[in-house]
A.B. asks: 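There's a structure below that I have some questions on.
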Amino acid sequence: MYPTRPRSSLRTAVVWEVLREALDRRAAEQDRPVLDVLDTGGGTGNFAVPVARLGHRVTVVDPSPDALFALERRAAEAGVTDLVHAVQGDTQTLADLVEPGSTDVVLCHGVLEVVDDPAEALGCLTAVLRKSGLVSLLAANRDGAVLARAIAGHFTEARHALEGESGRWGAGDPMPRRFTADELRRLADAAGLHVSSVHGIRVFADLVPGVLVDSEPGALEALLRLEEAAAQQPAFHAVATQLHLLAELR
């Protein structure tokens, strides 16, 4: 079960499979079928609602009231209103919104790129975890952006993304910050997390022309299978659009 429609599942399938398996393992290890999950920056519930459909309690903290309204509507349509709690806020206000040590799993997807201080934000997230709690961390990959700009013929922008401190390719870059795998590992380590797995996300999906995927019978499913296989290979991590880390609180 992918949490999004088939075409957009190219962007989420690998993360979802890793997350679903991690939730199943943690529920079995804790002998608790219902886990407490925090989705920070979870927006409209792209992951929160599918997680709730697995039977877990999900708190979504997001600064956008419009996104949270859409989340509540989505949860109602999925029949999981009683399992999804929407809270307006961000990582800086998290201590006032979520009890310390009350959460089994934290989803931090697309958050570290936009916060003022990634290390501080990750520290705020780990503070709400229970002992040996899990963090699902998804962030933009600097190396993948370098490749994408170079393939598009924007060689100066590719060099800026490669050499710039924040991994941005220029003033028009909509992404405030990107990371390498080593940078994300160091952030996780400093926050007291042990990284158990790293996956490359969207290794091919953003490079393959959409017309090929949409027009060739079976192409979407074949590309999904390829993404899942390549995501686990370290050699492909450098060219992925995003990096997904699964880590446990030490």
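Quick caveat: nothing in here was measured; it's all calculated off a predicted structure.
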A.B. asks: Do the side chain of Asn141 and the main chain of Thr241 share a donor and acceptor less than 3.5 angstrom apart?
C.D. replies: no
A.B. asks: Under 3.5 Å, is there a donor-acceptor pair between the side chain of Thr44 and the main chain of Ala67?
C.D. replies: no
A.B. asks: Aromatic rings His109 and Phe47: how do their planes relate, parallel, tilted or perpendicular, breaks at 30° and 60°?
C.D. replies: perpendicular
A.B. asks: What heavy-atom pair brings Leu71 and Ala48 nearest, and what distance separates the two atoms?
C.D. replies: CD1-CB, 4.4 Å
A.B. asks: Would you name the heavy atoms of Gly192 and Leu249 that are closest together and state the gap between them?
C.D. replies: O-CD1, 3.6 Å
A.B. asks: Would you say that Val61 contacts Asp90 through its side chain, given a criterion of any heavy-atom pair below 4.5 Å between the two side chains?
C.D. replies: no
A.B. asks: Which value, rounded to the nearest 0.5 Å, describes the distance between Asp62 atom CG and Gln88 atom CD?
C.D. replies: 8.5 Å
A.B. asks: Consider side-chain contact (heavy atoms from CB on, under 4.5 Å). Of Arg26, Arg250, Glu29, which one does Ser132 pass it with?
C.D. replies: Arg26
A.B. asks: Dump the intermediate steps for salt bridge (Lys or Arg N to Asp or Glu O under 4.0 Å) on Arg20 and Asp24, then the final yes or no.
C.D. replies: CA-CA 6 Å; Arg20 182 183 57 78; Asp24 289 346; 3.7 Å; yes
A.B. asks: Please name the residue in the list Glu227, Gln242, Arg202, His244 that meets the side-chain contact (heavy atoms from CB on, under 4.5 Å) test with Val14.
C.D. replies: Glu227
A.B. asks: So which atom in Ala27 and which in His56 form the shortest heavy-atom distance, rounded to 0.1 Å?
C.D. replies: CB-CE1, 4.4 Å
A.B. asks: Applying side chain to side chain contact (heavy atoms under 4.5 Å, CB included) to Ile201 and Val203, what does each step give before you reach the verdict?
C.D. replies: CA-CA 6 Å; Ile201 307 302; Val203 174; over 6 Å; no
A.B. asks: Take Asp82 and Arg57 through the salt bridge (Lys or Arg N to Asp or Glu O under 4.0 Å) test and state the conclusion after the steps.
C.D. replies: CA-CA 8 Å; Asp82 58 329; Arg57 291 184 292 266; over 6 Å; no
A.B. asks: Determine whether His199 and Val18 make a side-chain contact, defined as any pair of heavy atoms from C-beta on separated by less than 4.5 Å.
C.D. replies: yes
A.B. asks: Nearest 0.5 Å please: distance from the NE2 atom of His160 over to the NE2 atom of His154.
C.D. replies: 12.5 Å
A.B. asks: Could you check whether Arg142 pairs with Glu183 (Lys NZ or Arg NE/NH1/NH2 to Asp/Glu carboxylate O, under 4.0 Å)?
C.D. replies: yes
A.B. asks: If only atom types and distance count, is the side chain of Glu113 paired as donor or acceptor with the main-chain N or O of Ala140 below 3.5 Å?
C.D. replies: yes
A.B. asks: Hey, does Asp104 have a side-chain heavy atom less than 4.5 Å from the side chain of Leu134?
C.D. replies: no
A.B. asks: If you group Ile, Leu, Val, Met, Phe, Trp and Tyr by side-chain heavy-atom gaps below 4.5 Å, do Val115 and Val60 land in one group?
C.D. replies: no
A.B. asks: Any chain of hydrophobic side-chain contacts (each under 4.5 Å) joining Val87 to Leu94?
C.D. replies: yes
A.B. asks: Val98 and Leu38: side chain to side chain contact (heavy atoms under 4.5 Å, CB included), yes or no, with the steps?
C.D. replies: CA-CA 9 Å; Val98 180; Leu38 169 67; 4.2 Å; yes
A.B. asks: Give the intermediate values and the outcome of side chain to side chain contact (heavy atoms under 4.5 Å, CB included) for residues Phe179 and Leu243.
C.D. replies: CA-CA 9 Å; Phe179 305 88; Leu243 294 166; 5.8 Å; no
A.B. asks: Got a donor-acceptor contact below 3.5 angstrom from the Arg168 side chain to the Met175 backbone?
C.D. replies: yes
A.B. asks: Between CG of Asp206 and CG of Leu147, what distance do you get to the nearest 0.5 Å?
C.D. replies: 10.5 Å
A.B. asks: Does Trp169 offer a backbone N or O that forms a donor-acceptor pair with the side chain of Asp173 under 3.5 Å?
C.D. replies: yes
A.B. asks: Treating Ile, Leu, Val, Met, Phe, Trp and Tyr as nodes and any side-chain heavy-atom pair under 4.5 angstrom as an edge, say whether Ile151 and Phe204 lie in one connected cluster.
C.D. replies: yes
A.B. asks: From the options Leu137, Thr40, Asp39, select the one residue that forms a side-chain contact (heavy atoms from CB on, under 4.5 Å) with Val111.
C.D. replies: Thr40
A.B. asks: Closer than 4.0 angstrom, basic N to acidic O: yes or no for Arg74 and Glu77?
C.D. replies: no
A.B. asks: Nearest 0.5 Å, please: how far is CG in Leu112 from CG in Leu184?
C.D. replies: 7.0 Å
A.B. asks: Go through the steps to decide whether Thr180 and Asp143 satisfy the test side chain to side chain contact (heavy atoms under 4.5 Å, CB included), and finish with yes or no.
C.D. replies: CA-CA 7 Å; Thr180 64; Asp143 295 333; 4.2 Å; yes
A.B. asks: If I take atom NE2 from residue His85 and atom CG from residue Leu83, how far apart are they, to the nearest 0.5 angstrom?
C.D. replies: 12.5 Å
A.B. asks: Can you see which heavy atom on Ala150 is nearest to which on Ala158, and at what distance?
C.D. replies: N-CB, 3.8 Å
A.B. asks: For atom CD of Glu163, is the number of surrounding heavy atoms from other residues, nucleotides or ligands below 6.0 Å larger than 12?
C.D. replies: yes
A.B. asks: Are Leu107 and Val34 connected in the hydrophobic side-chain network, where two residues link if heavy atoms are under 4.5 Å apart?
C.D. replies: no
A.B. asks: In the single-linkage hydrophobic clustering (I, L, V, M, F, W, Y; side-chain heavy atoms under 4.5 Å), do Leu138 and Val128 co-cluster?
C.D. replies: no
A.B. asks: Which heavy-atom pair separates Leu223 from Ala205 by the least distance, and what is that distance?
C.D. replies: CD2-CA, 4.4 Å
A.B. asks: Could you measure the distance from the CG atom of Leu187 to the SG atom of Cys108? Nearest 0.5 Å is fine.
C.D. replies: 10.0 Å
A.B. asks: For the pair Arg178 (side chain) and Gly167 (backbone), establish whether a donor and an acceptor sit closer than 3.5 Å, ignoring hydrogens and angles.
C.D. replies: yes
A.B. asks: Does the side chain to side chain donor-acceptor pair (under 3.5 Å) test come out yes or no for Thr103 and Asp36, once each step is laid out?
C.D. replies: CA-CA 5 Å; Thr103 302; Asp36 293 304; over 6 Å; no
A.B. asks: Treating Thr93 as the side-chain partner and Gly89 as the backbone partner, does any N or O pair qualify as donor plus acceptor under 3.5 Å?
C.D. replies: no
A.B. asks: Work out which heavy atom in Gly45 is nearest to a heavy atom in Pro50; give both atom names and the distance.
C.D. replies: O-CD, 3.6 Å
